[in-house]
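Notes follow once the structure below has been shown.
Below, read A as the first sequence line, B as the second, and so on, with proteins coming before strands; counting in each chain starts at 1.
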Protein chains: 2
Amino acid sequence: MNFCQACSIRNRAICADLDDTEIALLNRIGRRKNLSAGESLLWEGDQAVFVANVVTGMLKLSTTTGDGREQILGLSYPSDFLGRPYGERTPYDAQALTETTVCVFRRVDFERFAHEHPRLERKLLERTLGELDRSRRWMLLLGRMSAEERLATLLLEISERLAASTCGGDASPLDVFELPVSRQQIADILGLTIETVSRQFTRLREEEIIGMNGRRDVEVLRRDLLEAIVG
Amino acid sequence: MNFCQACSIRNRAICADLDDTEIALLNRIGRRKNLSAGESLLWEGDQAVFVANVVTGMLKLSTTTGDGREQILGLSYPSDFLGRPYGERTPYDAQALTETTVCVFRRVDFERFAHEHPRLERKLLERTLGELDRSRRWMLLLGRMSAEERLATLLLEISERLAASTCGGDASPLDVFELPVSRQQIADILGLTIETVSRQFTRLREEEIIGMNGRRDVEVLRRDLLEAIVG
DNA sequence: CGACTCGTTGAGCCAGATCAAGTGAAGTGG
DNA sequence: CCACTTCACTTGATCTGGCTCAACGAGTCG
């Protein structure tokens, strides 16, 4: 059987440009894998044995200092690529935040395939360049923004990426959405503590810039103000 | 004439895998450009018209918040690639820190060439993946490290990268080197203020972990302690 | 020489960290 | 069905690392 043909990210992931023959070949070297929330796919420092594509669900990529302080490097949404081709070691932990399905390849198989199919390699290059831009924007956040600016930036980014990953095209950002992460994880994404994050949520709620239903359901009431905070 | 044949980074830049015929073609679409210290090559937000390779010298890549706070995203050493292929806009400013020579290509020319020469594209992919790893490691620094840890990390990184970029291979890190950047720029790299950076230098000097001759000449006296600070 | 740039040092302040309860919803089990 | 725990978060009180503001070298250039 051939997963790829029915794959929900067939037209958005790095395999988008491949024709049916190529897809059939790629299908043969990959396999689906389901992860439950909390389960890890990659461990920082391990031999880089696998690479993967996110099909459904969401993961966090993170790294840790020697004494246990965590920094989340990014969230991976459907169609995102995971792992470290052309490298010895996996540079980060990857852990599922929700029920997640990924499409896994042995790194050597994937590299051989990419080698023979430059269109795939180009897609991967484009994606990697995009990731690099995104991670550099995050450096500005971590290096120079206040707690309020950081949370506002994250809320806007999540609302945009969730729209993009659910609706396929470049849909307009969601005004109502569920946070895919806990307060502690938000703190680890933003380089803050959980208490500071909680206080900033309270503030945004008090100023009626956002509304919340329970701990994870966010409604953006004043996108303009949120954008003004980011600057 | 053909710059490439005599190019000092011929074997380390993304053109390393190309044969003589390919190099000759690449040579035809590129040109050398000299920058004096302080001169800018790319401006954030501009149409991405050029891409380039650093031949000699050093540049900083930076971005700025709406209200003028700067964050340096990285330093570019000889053989590093600059610019944003497959993208509309340049995502950062690039400014020479020293006398610098770069090898510039019009983006469209470069993309066409890359398209026809997958080996080049693969080199660029490998390099971009390496850059992504590096920028993610910097996120841990910016999000979770103390001022002391940040400066120690930077000093170690500079001493390693200067060794690599001067001696070609994987030479051992330099124990005596010249800082390529001012105190203000170090602050902008580390997400700190100039005063904090200055105080940390003083501390490392007092503890005889480093020695300094003037403002820019650093000698690493106790690499072990520097590494211990980083953890 | 003054004017300027770059860096260092000091004094005080504040955003966010740390430490310490408190709350409320969801599960557990008796 | 109600105590009892647990987990995830919130809130309050206090502390502090790094920021801000300000003064002061030490080179450097005209």
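- If you check D:dA13, D:dC9, D:dG18 against the side chain of B:Gln200, the one that comes closest is D:dG18.
- Rounded to whole Å, the distance from CG on A:Asn213 to C1' on D:dC9 is 16 Å.
- Candidate nucleotides D:dT11, C:dG16, C:dG7 were compared by shortest atom distance to the side chain of A:Thr196, and C:dG16 ranks first.
- Residue whose closest nucleotide on DNA chain D sits further toward the 5' end, between A:Arg205 and B:Gly191: A:Arg205.
- For A:Thr193 and C:dT18, the shortest distance from a side-chain N or O to OP1 or OP2 is not below 4.0 Å.
- Between A:Lys60 and A:Glu70 there is a salt bridge, since a side-chain N of the basic residue sits under 4.0 Å from a carboxylate O of the acidic one.
- Among the protein residues, A:Ser182 comes within range of the sugar-phosphate backbone only, with heavy atoms under 4.0 Å from sugar or phosphate atoms but none that close to a base.
- A salt bridge does not link B:Arg203 with B:Glu206: none of the charged nitrogens is closer than 4.0 Å to a carboxylate oxygen.
- Rounded to an integer number of Å, the gap from A:Leu151 CG to C:dG16 C1' is 14 Å.
- For A:Arg216 and C:dA26, the CZ to P distance is 13 Å, given to the nearest whole Å.
- Per the geometry, CZ belonging to A:Arg203 stands 15 Å off P belonging to D:dG12, to the nearest Å.
- You'll find that the side chain of B:Arg215 is closest to D:dA26, out of D:dT10, C:dG16, D:dA26.
- The side chain of B:Leu192 lies closest to D:dG18, out of D:dG18, D:dT20, C:dT8.
- Distances from the side chain of A:Ile194 to the nucleotides D:dT10, C:dT18, D:dG18 place D:dT10 closest.
- Looking at the side chain of A:Ser198, the nearest of the listed nucleotides C:dG7, C:dA11, D:dT10 is D:dT10.
- The interatomic distance linking A:Glu195 (CD) with C:dG16 (C1') rounds to 10 Å, in whole Å.
- For the pair A:Arg199 CZ and C:dG22 C1', the computed distance is 13 Å after rounding to whole Å.
- For the pair A:Phe201 CZ and D:dT10 P, the interatomic distance rounds to 8 Å; values are reported in whole Å.
- A:Glu39 has no carboxylate O lying under 4.0 Å from a charged side-chain N of A:Lys33, or vice versa, which leaves the two without a salt bridge.
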_Determine whether A:Met212 and A:Glu219 satisfy the following criterion, side-chain contact (heavy atoms from CB on, under 4.5 Å), listing intermediate values before the conclusion._
CA-CA 6 Å; A:Met212 297 204 67; A:Glu219 177 172 13; over 6 Å; no
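- Minimum atom distance to the side chain of B:Thr202 is reached by C:dT9, of the listed D:dT11, C:dT9, C:dG16.
- Electrostatic pairing of A:Arg134 and A:Asp80 does not count as a salt bridge here, judged by no charged N lying under 4.0 Å from a carboxylate O.
- Here the P atom of nucleotide C:dT9 and the CZ atom of B:Arg183 are 10 Å apart, to the nearest Å.
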